[in-house]
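Per chain, numbering begins at 1; letters A, B, ... match sequence-line order. Basis for what follows: all heavy atoms, side chains included, without hydrogens, waters or symmetry-related copies.
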There are 4 protein chains.
Amino acid sequence: MNKKREIASSVKDESLIEKRREQMIRGAVTLFKEKGFHRTTTREIAKAAGFSIGTLYEYIRTKEDVLYLVCDSIYDEVHTRLDRLDIEQGSINVLVTAIEHYYTLIDDMQDEFVVMYQESKSLPKDALSYVLNKEIEMVALFERLLTQCVDNGEIKMTPKEVVMASHHLFVQGQMWAFRRWALRDFTIQEFIDMQTKFLLQGMAGENISIQGA
Amino acid sequence: MNKKREIASSVKDESLIEKRREQMIRGAVTLFKEKGFHRTTTREIAKAAGFSIGTLYEYIRTKEDVLYLVCDSIYDEVHTRLDRLDIEQGSINVLVTAIEHYYTLIDDMQDEFVVMYQESKSLPKDALSYVLNKEIEMVALFERLLTQCVDNGEIKMTPKEVVMASHHLFVQGQMWAFRRWALRDFTIQEFIDMQTKFLLQGMAGENISIQGA
Amino acid sequence: MNKKREIASSVKDESLIEKRREQMIRGAVTLFKEKGFHRTTTREIAKAAGFSIGTLYEYIRTKEDVLYLVCDSIYDEVHTRLDRLDIEQGSINVLVTAIEHYYTLIDDMQDEFVVMYQESKSLPKDALSYVLNKEIEMVALFERLLTQCVDNGEIKMTPKEVVMASHHLFVQGQMWAFRRWALRDFTIQEFIDMQTKFLLQGMAGENISIQGA
Amino acid sequence: MNKKREIASSVKDESLIEKRREQMIRGAVTLFKEKGFHRTTTREIAKAAGFSIGTLYEYIRTKEDVLYLVCDSIYDEVHTRLDRLDIEQGSINVLVTAIEHYYTLIDDMQDEFVVMYQESKSLPKDALSYVLNKEIEMVALFERLLTQCVDNGEIKMTPKEVVMASHHLFVQGQMWAFRRWALRDFTIQEFIDMQTKFLLQGMAGENISIQGA
DNA sequence: TATGAATGAGCTTTCATTCAT
DNA sequence: GATGAATGAAAGCTCATTCAT
């Protein structure tokens, strides 16, 4: 369900398509980051990619396709980087590794993530649901790892807390991408450490009574 | 510094201005939420507000003004609701109350917050910095409360952890606004409780060794 | 033929109409001079006149009416000032006086003349032809005076030269209004003297002694 | 000083730019003459030029650019036609030729000149000063020729008279463009002859005393 | 009479997309 | 395959004019 959308191209040569689209994505990310999707013109994208507007349209059908290609390429990278973890049995160690890989990935592709989160709402319905689905997959990865930790007794959490914590981890990733201006005193490693510690402390502790008790 | 921007209007009657702008904001939020700022036309805003395009422009100068009015009205509400806390001396109780008020506020104005966070980048430079400043003020409120808890010994945290936790609280608010679709199984009260518990546990625990140690 | 156009007003009190229109004309001339008819808004005219846009429209029907009122008031002044000459029998002396009066008038009402000549093409057909007719009357006055000078032997000119010279005199008046920036080294009296001398020399052809000498 | 303004075009082919702009100018002059710059819409200009509104804006940036192109092309023609005279040593013969060429030029491009003089005030500041400068150059040409005639004894004139006469010649050119409706009984040759004769007579004569002397 | 809020036709300009070369 | 000139729908905004108060 929600398979990768094929972006039509009138060019036949597959390797050329890939090359051109890569140029396109690189240029587009910079522009989208700077001015947003709507304020960026297709001409600008073509220019930044190094070819003419006519050529641009040989490799896409609509401007939104460019945005989709950007989002899609991000998730290709996510998969490349996190696929190993996908098969491993969950444990605290695997979880910690997953968090580290995920946040490092976001750090490496900060611009791309910002663009994706900022602009994905401009995608056409089906492309949007494809991207959203990728997001859900990510959250589900954390959910699975956490659940397995609960199952093997390493962590104590209600199922609802697992859901919440997964979203939490995911959203903290967005935070790193979006709010780096506010977190410029932190290195990515510090950030990872703190997030990890935070999570594990939050989960491990005896129930602490709140509100005066 | 960064004073409220006056949006010029060619109408003189102040109370009428307020009334019309309220209509405008209400209509605009719905539309911006639905289609985003750029895909919404000024004519649609006028129509949703219940008056003509000409009348719309009697109360604003540019389309961006509408977005600013939306953001500004949100922060007016924020201030109305959180101003009491601003003067209180920090303590765990006050902090917990602040979290509750803040997340309840976001819950009440979900659409408005989503729009603000999604679209504020489309504001003109000075308006954007005004809005960003409001955001910083919010984070600073949490920071102050946390620091005072640290000072009075209720909480153990390094200054860096205080900064991180403040951003964390802030971003979790965004999460509630943005990801309600993913959290539809949670009530706002559950959400508040979990976030609060999470935070306090994370802060209170003895240092727990991570990574196998 | 081409009678004064009545500008409709919904106000009854004639003296009030006159008062308001005078305010209007004074304000409008300044604005039209500065920004031209098209770039001036009716609101600006109302404001410059010292009353509201609603009141403005109690005294005129369209924006073009304002322009007409300006042009009309100029020719009222022209008539007031030159009517005496209209009845006198032509002679070199009368001609010289006419030139002097005419150029002095233009000097006194420089702004008004500039506006009229620059903007009169924006008048509606009938108003335009009324104003053009006034212009023709002016030229005709010079023509009559010249012709009578020819008839009484004071000047030697072919009928065609009379026509040309009349237009010449008229156009030199425009020049004084329009090109004062280029003629800032000249006083109006110098200008009058030179124009007069120029004309009379030009007409004298064979050395004809003027003024009896 | 006051160099030709480059009007930006997004089209690269220079010869195409020239061709399209020529179409544009031709169409615009007709329309501006008929209805004035402000009453003419850009769509009408495009249509008159024979292409779409989108294409129009491939060759200009703003509506005012069209007006500038009109003015500029007039002065290109002026230069083409009068440049020879620019280098010649002044003499009565050269002066007479200059007058003839100048008035003939105006006769050939009557519409263009009318438009330029009527509408140039709608140009943006820098374009206006460029055009005004061209005008000053024209007057200066006459001034130089006259001064040289004075220097070589062919003509007797004070420096002030030279200035005035130069403006006079220039303004008479405007007259021929603007008031042809009033001068329809004259051919351009008659006009030239009369103006020339007028000027030379005015200048050549013994000083004739005016007003009583 | 005076006011000024309301209206909407109409303007300039942009830009995604096409297609002949 | 690559190019870029051409297109026109659609957007933001203005302003002359009206009319209820």
Colleague: With respect to the phosphate group of F:dG1, does any side-chain polar atom (N or O) of A:Tyr59 fall under 4.0 Å of OP1 or OP2?
Modeller: no

Colleague: Taking the minimum atom-to-atom distance to the side chain of C:Lys12, which one of E:dT1, F:dG8, F:dG1 wins?
Modeller: E:dT1

Colleague: If a stem is a run of at least 3 consecutive Watson-Crick or G-U pairs, both distances under 3.5 Å, which stems include DNA chain E?
Modeller: E:2-21 with F:2-21

Colleague: In terms of the angle between their ring planes, are D:Phe37 and D:Phe32 parallel, tilted or perpendicular, with boundaries placed at 30° and 60°?
Modeller: perpendicular

Colleague: Among A:Lys4, A:Arg5, A:Lys134, A:Arg21, exactly one meets salt bridge (Lys or Arg N to Asp or Glu O under 4.0 Å) together with A:Asp72. Which residue is that?
Modeller: A:Lys4

Colleague: Write down the distance between CD (B:Glu14) and C1' (E:dG4), rounded to a whole number of angstrom.
Modeller: 15 Å

Colleague: Once you round it to whole Å, what is the distance between C1' of F:dA2 and NZ of A:Lys47?
Modeller: 18 Å

Colleague: Nearest 0.5 Å, what's the CZ-CD distance between D:Arg39 and D:Glu34?
Modeller: 12.5 Å

Colleague: How many whole angstroms separate atom NZ of A:Lys19 from atom P of F:dG1?
Modeller: 12 Å

Colleague: Given the side-chain rings of D:Tyr75 and D:Tyr130, with only the six-membered ring counted for Trp, is the space between their centroids under 6.0 Å?
Modeller: no

Colleague: What one-letter contact string describes nucleotides 15-21 of chain E from 5' to 3', where B marks a base within less than 4.0 Å of any protein heavy atom, S marks contact via sugar-phosphate atoms alone, and - marks no contact?
Modeller: SBBB---

Colleague: Can C:Arg26 and C:Gln23 be counted as having a side-chain donor-acceptor contact under 3.5 angstrom?
Modeller: no

Colleague: Taking the side chain from B:Arg61 and the backbone from B:Ile7, do they hold a donor-acceptor pair closer than 3.5 Å?
Modeller: no

Colleague: Rounded to whole angstrom units, what separation is found between the CG atom of B:Leu16 and the P atom of E:dG4?
Modeller: 13 Å

Colleague: Between the side chains of C:Lys63 and C:Glu119, is the shortest nitrogen-to-carboxylate-oxygen separation below 4.0 Å, so that they form an ion pair?
Modeller: no

Colleague: Is the shortest side-chain N/O distance from C:Arg20 to OP1 or OP2 of E:dT1 below 4.0 Å?
Modeller: no

Colleague: Look at atom CD of D:Glu77 and say whether more than 12 heavy atoms of other residues, nucleotides or ligands are closer to it than 6.0 Å.
Modeller: yes

Colleague: Tell me whether the count of non-hydrogen atoms from other residues, nucleotides or ligands lying under 6.0 Å of NZ in D:Lys47 goes above 12.
Modeller: no

Colleague: Return the value, rounded to whole Å, for the distance between atom CD1 of B:Ile60 and atom C1' of E:dA5.
Modeller: 16 Å

Colleague: Give the rounded distance in Å between these two atoms: CZ of A:Phe51 and P of F:dT3.
Modeller: 9 Å

